[in-house]
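Reading through the structure tokens given below for one structure.
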Amino acid sequence: MRIYSWNVNGLRAISKKNFFDWIRSENPDILCVQETKIQEATLDDKLRNINGYHSYFSFAQKKGYSGVAVYTKFKPISVKHGIGIPEFDSEGRILTMEFKDFTLLNIYFPNGQMSQERLNYKMNFYNAVLNYCNFLVSQNRKLVICGDYNTAHTEMDIKNAKANEKNSGFLPMERQWLDKFIKNGYTDTYRYMNPQKVEYSWWSYRFKARERNAGWRIDYHFVSNNLLKRVKKAAILTQVTGSDHCPILLEMI
DNA sequence: CGTAATACG
């Protein structure tokens, strides 16, 4: 079972680049994408119906903004949009789907760089997701929580730690939320499987950041610890281009 | 710098 997560930075844009070829060669069992930047009205058949996959989309109300989707070979038992909180659900950031032996959450966490207001929104979103995950685990669900968390956890997870400690994405309070998430019984599968490895999943399009490898690891597959024994491999596909993020992989037995 | 709409990341 191979679950991929990829912030594609515009589904229409990447579909004109390497998206379909990449799916054919990588053959994901489940593919979670973030920042689809698409609405129901602009979603064409080619993106909705990919051979061999069921597809599910959550849209933001704002045009060309946010949005997540899941392509899955296995038909989910149930699909839920959002978490029942209107201020978070209006931005198309969360899809939850229940499979036979685990529950998948595909989440595009807010970016907090625009303003103090958006940083507050991001922190409130983080806390709402933690409560939601804890509720699901209390119902004996086993969770894979993947997506773009928009925060690098430790100094290992960012090229220029010192220069970014006052920037949203590497603020102490954002990093401390990831600590809190872990303390609540969730595991960053990449760090669990690769304790010493330094790789990133996102590079700014500006300042030739990717060629300089001035990156951040902000995309994660977390699992609730009741699922940890099934984790076989976690990786970052740093060679894949087409977006400012690269795909990440979780392999489970 | 890039996507997609003229804002946001």
Side-chain angles (χ1 to χ4, degrees), chain A residues 5-23 31-48 57-69 87-94 106-126 129 146-153 157-160 163-171 173-175 177-178 200-220 236-248:
Chain A
S5 173
W6 194 6
N7 180 323
V8 293
N9 188 31
L11 202 47
R12 282 169 287 177
I14 205 157
S15 71
K16 291 167 192 157
K17 302 181 199 171
N18 51 347
F19 188 60
F20 297 110
D21 288 339
W22 180 79
I23 290 175
L31 170 59
C32 298
V33 299
Q34 303 89 34
E35 280 205 272
T36 56
K37 300 189 175 193
I38 209 164
Q39 311 308 120
E40 185 108 61
T42 45
L43 176 57
D44 66 20
D45 184 68
K46 218 172 123 189
L47 280 166
R48 192 182 283 280
F57 296 82
S58 192
F59 307 105
Q61 283 172 6
K62 193 184 297 189
K63 284 182 183 172
Y65 180 72
S66 185
V68 296
E87 71 163 323
F88 300 133
D89 295 353
S90 63
E91 295 191 354
R93 295 180 177 277
I94 306 178
N106 178 21
I107 307 183
Y108 173 43
F109 289 87
N111 187 303
Q113 289 176 346
M114 256 287 281
S115 63
Q116 183 63 48
E117 187 188 349
R118 290 305 292 178
L119 180 57
N120 292 341
Y121 181 89
K122 178 180 182 179
M123 296 312 300
N124 291 336
F125 189 102
Y126 273 151
V129 166
C146 69
D148 177 359
Y149 283 64
N150 258 315
T151 297
H153 185 203
D157 301 314
I158 189 168
K159 184 71 166 195
N160 299 310
N164 283 298
E165 61 189 14
K166 290 191 164 69
N167 294 335
S168 177
F170 200 60
L171 294 174
M173 69 172 173
E174 296 171 319
R175 299 170 56 194
W177 181 83
L178 287 169
Y200 309 121
S201 68
W202 174 78
W203 305 261
S204 170
Y205 275 130
R206 298 154 82 161
F207 322 121
K208 300 183 176 178
R210 194 152 183 171
E211 78 183 55
R212 293 175 185 171
N213 198 28
W216 307 45
R217 193 170 71 90
I218 59 177
D219 300 273
Y220 305 89
I236 308 181
L237 284 66
T238 56
Q239 75 286 4
V240 181
T241 58
S243 167
D244 50 351
H245 296 249
C246 61
I248 60 171

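Within every chain, numbering begins at 1; the chains are lettered A, B, ... in the order of the sequence lines, protein sequences first and strands thereafter.
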Item checked: side chain to side chain contact (heavy atoms under 4.5 Å, CB included) involving A/T151 - partner list, sequence neighbours excluded ->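 For A/T151 the side chain to side chain contact (heavy atoms under 4.5 Å, CB included) partners, ignoring immediate neighbours, are A/K122, A/Y126, A/E174, A/R175, A/L178.
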Next item on the list: Could you pull out all residues at least two apart from A/N164 that satisfy side chain to side chain contact (heavy atoms under 4.5 Å, CB included)?
Entry: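 If we apply the side chain to side chain contact (heavy atoms under 4.5 Å, CB included) test to A/N164, skipping adjacent residues, the hits are A/I158, A/N160, A/N167, A/F170, A/W216.
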Next item on the list: Using a cut-off of strictly less than 4.0 Å, decide whether A/K17 has a side-chain nitrogen or oxygen near OP1 or OP2 of B/dG2.
Entry: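 A/K17 to B/dG2 OP1/OP2: no side-chain N or O under 4.0 Å.
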Send over the distance from [X] [atom1] to [N] [atom2], rounded to a whole Å.
| X | N | atom1 | atom2 | answer |
| --- | --- | --- | --- | --- |
| A/D44 | B/dA4 | CG | P | 12 Å |
| A/I14 | B/dT3 | CD1 | P | 10 Å |
| A/D148 | B/dC8 | CG | P | 17 Å |
| A/E91 | B/dC8 | CD | C1' | 11 Å |
| A/W202 | B/dC8 | CH2 | P | 17 Å |
| A/H245 | B/dG2 | NE2 | C1' | 12 Å |
| A/W203 | B/dG2 | CH2 | C1' | 16 Å |
| A/N167 | B/dG9 | CG | P | 15 Å |

Checklist line | Distance, P atom - from B/dT6 to B/dC1, rounded to whole angstrom | finding: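 It works out to 22 Å between them.
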Notebook entry, point to check: Are any of the side-chain heavy atoms of A/I94 and A/F125 separated by less than 4.5 Å?
Noted result: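 Yes - at least one pair of side-chain heavy atoms lies under 4.5 Å apart.
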Can you list the residues that meet the salt bridge (Lys or Arg N to Asp or Glu O under 4.0 Å) rule with [X], with sequence neighbours excluded?
| X | value |
| --- | --- |
| A/D21 | A/R24 |
| A/E40 | A/R48 |
| A/R93 | A/E91 |

Note to self: I want to confirm an ordering. Mapping A/K16 and A/Y205 to their closest nucleotides on DNA chain B, which one lands closer to the 5' end?
What the structure shows: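 Nearest nucleotide further toward 5': that of A/Y205.
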Item checked: Nearest-nucleotide 5' precedence on DNA chain B, A/E35 against A/G10 ->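 Nearest nucleotide further toward 5': that of A/G10.
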Next item on the list: Sequence neighbours left out, what pairs pass side-chain hydrogen bond (donor to acceptor under 3.5 Å, both in side chains) with at least one residue falling in residues 8-20 of chain A?
Entry: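 Residue pairs passing side-chain hydrogen bond (donor to acceptor under 3.5 Å, both in side chains), neighbours aside: A/N9-A/K37.
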Next item on the list: For residues A/H153 and A/Y220, report the shortest heavy-atom separation together with the two atoms involved.
Entry: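 Heavy atoms only, the tightest pair is N-OH, 3.1 Å.
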Next item on the list: Mind running a 4.0 Å heavy-atom check of residues 208-220 of chain A against DNA chain B and sending the residues that fall below it, in number order?
Entry: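 Result for residues 208-220 of chain A: none.
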Checklist line | Contacts of type side chain to side chain donor-acceptor pair (under 3.5 Å), residue A/Q39, not counting sequence neighbours | finding: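 Applying side chain to side chain donor-acceptor pair (under 3.5 Å) to A/Q39 gives none.
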Quick test: give all pairs of protein nitrogen or oxygen and nucleotides 5-7 of chain B nitrogen or oxygen below 3.5 Å, distance rounded to 0.1 Å.
unit_1, atom_1, unit_2, atom_2, d
B/dA5, OP1, A/G64, N, 3.3

